[in-house]
2 protein chains.
Amino acid sequence: MTPKNNYCYDYPRPALTVDCVIFGYDASDLKILLIKRGIEPFKGHAALPGGFVREHETLDSAAKRELMEETNVSNVFIEQLYTFGNPGRDPRGRVISTAYFALVKREDYIVIAGDDAAKARWYSVGAIPPLAFDHAEIVEMALNRLKGKIRYQPVGFELLPEKFTLSDLQHIYEAILQKKLDKRNFRKKIDKTELVIRLNEKEKGVAHRAAYYYKFDKKKYENALKKGIYFEI
Amino acid sequence: MTPKNNYCYDYPRPALTVDCVIFGYDASDLKILLIKRGIEPFKGHAALPGGFVREHETLDSAAKRELMEETNVSNVFIEQLYTFGNPGRDPRGRVISTAYFALVKREDYIVIAGDDAAKARWYSVGAIPPLAFDHAEIVEMALNRLKGKIRYQPVGFELLPEKFTLSDLQHIYEAILQKKLDKRNFRKKIDKTELVIRLNEKEKGVAHRAAYYYKFDKKKYENALKKGIYFEI
DNA sequence: ACAAAAGTGTTCGGAATACACCCATGT
DNA sequence: ACATGGGTGTATTCCGAACACTTTTGT
């Protein structure tokens, strides 16, 4: 039994949704999670995962809930991106959407497939299909934000597992900044932050010299932040 | 004649407002425009100018309209800041507010006083009174955004008249960054951008050596932006 | 042996910083 | 004459960019 027109106001009100741009990294490629829409409008199109904000939840919790529903991960980097509210962005009527962007680690996520929700799939940012609504614009803004953010915040680690190689890290920077970086200069810069610690453990079974694993010292980073020390990478 | 409950929906919907953090610069001081609330809740408190988004306008136009109503200026720098939507931020019910921040030139603005709208007044950012709702949080975020933005975008000029002295400009940077800058180094940096042009005109009637006026070469800046050239100041 | 990626130092130019004195103007 | 802020140059340090070869591992 669905309610029928039980909520009445003196003035028209828009519907409020959140949409999530979820980034992942995999096989040297930066990816975005998209669902396939099962209903009109834009049925069959790819779209950002999202949904209505509930009556008693904050925007942040709505975004986290949507993220959780799609990927089964919690405890990830998530941040408000921008609010899109042009009349006409949704053919069904006035819908305001606050977009979020999230960074998830490949080791954590489990994409829910085949349940009643639309199917989710990862797409390389270089090969994003036509999107429903104004979602292409949202994705573009998220990519720009990420590009800007990575210069002054160590967000690359949010996309990597606990243990990673410096080449992995460099590939993430290259994918986000869309340019090649010099290996020696990159390592010098990472080294200088003193936030990335080499472990006594190497890759195994690779057909070349095995790389050391490293980990990000998150506690040290957060303590430094509290003291007002900033990092540029 | 006001409408009564003519807009009905199946699910509850929040009300949608915009609030503007309007910055100005005056007497070596960075200022914010605040109104005094004439009605409950928070009657008598200072608050950010803002209001409801209308049915057929974009968020941006709603913000520009509010700005225009308060200051009579158009054609200013205005940018979306963040959307605040915690349940409970407004005691009257669920209200989502998209905050904007604007930079206005002192020469342009005319604060409307004594009309039916609440009275507006400029407050130094160092002496902001207790604010209604969660507006203190909004102002804090706006200040941080401005502080971050001024490092890579020439926003200082948006607060100054067409003709300004380099000391004016430096004072703006100092007010925003909250630290003293070295005069010679500051001028070297401004000079290097090649975006600030000295005019053949000096201050008059000052009790010290008269300073040259300068102007910002906005066209050159915008052309450079199109070519993908960025400036850090 | 070879293919493939890991790992490592030095040089150079430009930018950031620190710093002190004389100049023009009104009172 | 003096008070007030305007205007200017140099030396030093630090950071970013460019650049090539040896090592390790699996096939």
Side-chain angles (χ1 to χ4, degrees), chain A residues 25-29 147 150-152 154 156 160-161 163-215 229-233, chain B residues 25-29 150-152 154 156 160-161 163-175 177-215 229-233:
Chain A
Y25 175 78
D26 176 28
S28 300
D29 227 3
K147 204 166 164 178
I150 203 167
R151 296 174 57 149
Y152 61 92
L160 287 171
K163 298 173 190 176
F164 52 85
T165 69
L166 290 182
S167 293
D168 287 336
L169 187 61
Q170 185 175 342
H171 287 141
I172 285 193
Y173 276 77
E174 290 176 340
I176 292 173
L177 295 172
Q178 306 210 66
K179 66 175 179 187
K180 283 272 167 207
L181 299 174
D182 179 84
K183 186 162 49 158
R184 280 169 292 189
N185 293 337
F186 181 76
R187 284 165 188 241
K188 254 182 291 175
K189 245 195 286 197
I190 294 298
D191 199 50
K192 197 159 46 71
T193 65
E194 299 188 321
L195 293 174
V196 180
I197 304 164
R198 189 165 93 173
L199 304 175
N200 271 326
E201 196 184 342
K202 294 185 184 186
E203 286 180 311
K204 274 173 193 153
V206 289
H208 54 77
R209 180 171 173 179
Y212 277 100
Y213 283 118
Y214 288 76
K215 73 183 182 75
I229 301 167
Y230 293 94
F231 297 90
E232 309 211 353
I233 295 185
Chain B
Y25 175 78
D26 176 28
S28 301
D29 226 3
I150 203 167
R151 297 174 55 151
Y152 61 92
L160 287 172
K163 300 175 190 173
F164 53 85
T165 69
L166 291 182
S167 294
D168 287 337
L169 188 60
Q170 185 175 341
H171 287 141
I172 286 193
Y173 276 78
E174 291 176 340
L177 296 172
Q178 305 211 66
K179 65 176 179 188
K180 282 274 167 206
L181 300 174
D182 180 83
K183 186 163 50 161
R184 278 168 292 189
N185 294 337
F186 180 78
R187 284 165 188 239
K188 252 182 291 174
K189 244 194 288 196
I190 295 297
D191 199 51
K192 197 158 45 69
T193 66
E194 299 189 321
L195 292 175
V196 180
I197 305 164
R198 189 166 93 173
L199 305 175
N200 272 325
E201 196 183 343
K202 294 185 185 186
E203 286 180 310
K204 274 173 193 152
V206 288
H208 53 78
R209 180 171 173 178
Y212 278 101
Y213 284 118
Y214 289 77
K215 72 183 184 76
I229 300 166
Y230 293 95
F231 297 88
E232 309 211 355
I233 295 185

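Atom set for the values below is all heavy atoms of this structure, side chains included, hydrogens, waters and symmetry mates excluded. Chain naming here is simple, since letters A, B, ... match the order of the sequence lines and numbering starts at 1 in each. Quantities reported herein were computed from a predicted structural model and do not represent experimental measurements.
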**Those residues that, when tested against A/Arg209, pass side chain to side chain contact (heavy atoms under 4.5 Å, CB included) (two or more places apart)** =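 Residues passing side chain to side chain contact (heavy atoms under 4.5 Å, CB included) with A/Arg209: none at all.
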**Message:** Restricting to side chain to side chain donor-acceptor pair (under 3.5 Å), what partner residues turn up for B/Glu203, sequence neighbours left out?
**Reply:** none
**Request:** Identify, with sequence neighbours excluded, every residue that meets side chain to side chain donor-acceptor pair (under 3.5 Å) alongside A/Arg198.
**Result:** none
In whole angstroms, how far is the [atom2] atom of [N] from the [atom1] atom of [X]?
X: A/Ile190; N: D/dG16; atom1: CD1; atom2: P; result: 12 Å
X: B/Phe164; N: D/dG6; atom1: CZ; atom2: C1'; result: 16 Å
X: B/Leu199; N: D/dG6; atom1: CG; atom2: C1'; result: 16 Å
X: B/Leu181; N: C/dC19; atom1: CG; atom2: P; result: 15 Å
X: B/Phe186; N: D/dG9; atom1: CZ; atom2: P; result: 18 Å
X: B/Lys180; N: C/dA18; atom1: NZ; atom2: P; result: 15 Å
X: A/Asp191; N: C/dT8; atom1: CG; atom2: C1'; result: 11 Å
X: A/Arg187; N: C/dT10; atom1: CZ; atom2: C1'; result: 18 Å

**Item:** D/dG5 phosphate, OP1 or OP2, under 4.0 Å from B/Ser167 side-chain N/O
**Value:** no
**Complete:** For residues 180-197 of chain A, the side-chain hydrogen bond (donor to acceptor under 3.5 Å, both in side chains) pairs (sequence neighbours left out) are A/Asp182-A/Asn185, A/Asn185-A/Lys188
**Message:** Going by side-chain hydrogen bond (donor to acceptor under 3.5 Å, both in side chains), name the pairs with one or both residues in residues 170-179 of chain A, residues two or more places apart or in two chains.
**Reply:** A/Gln170-A/Glu174
**Asked** If you take all heavy atoms of A/Leu166 and A/Phe186, which pair is closest and at what distance?
**Response**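 Between these two residues, the closest heavy atoms are O-CE2, 3.9 Å.
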**Prompt:** Quick one: what's the B/S/- string for nucleotides 17-27 of chain D, heavy-atom cutoff under 4.0 Å, read 5' to 3'?
**Reply:** BBBB--BBBS-
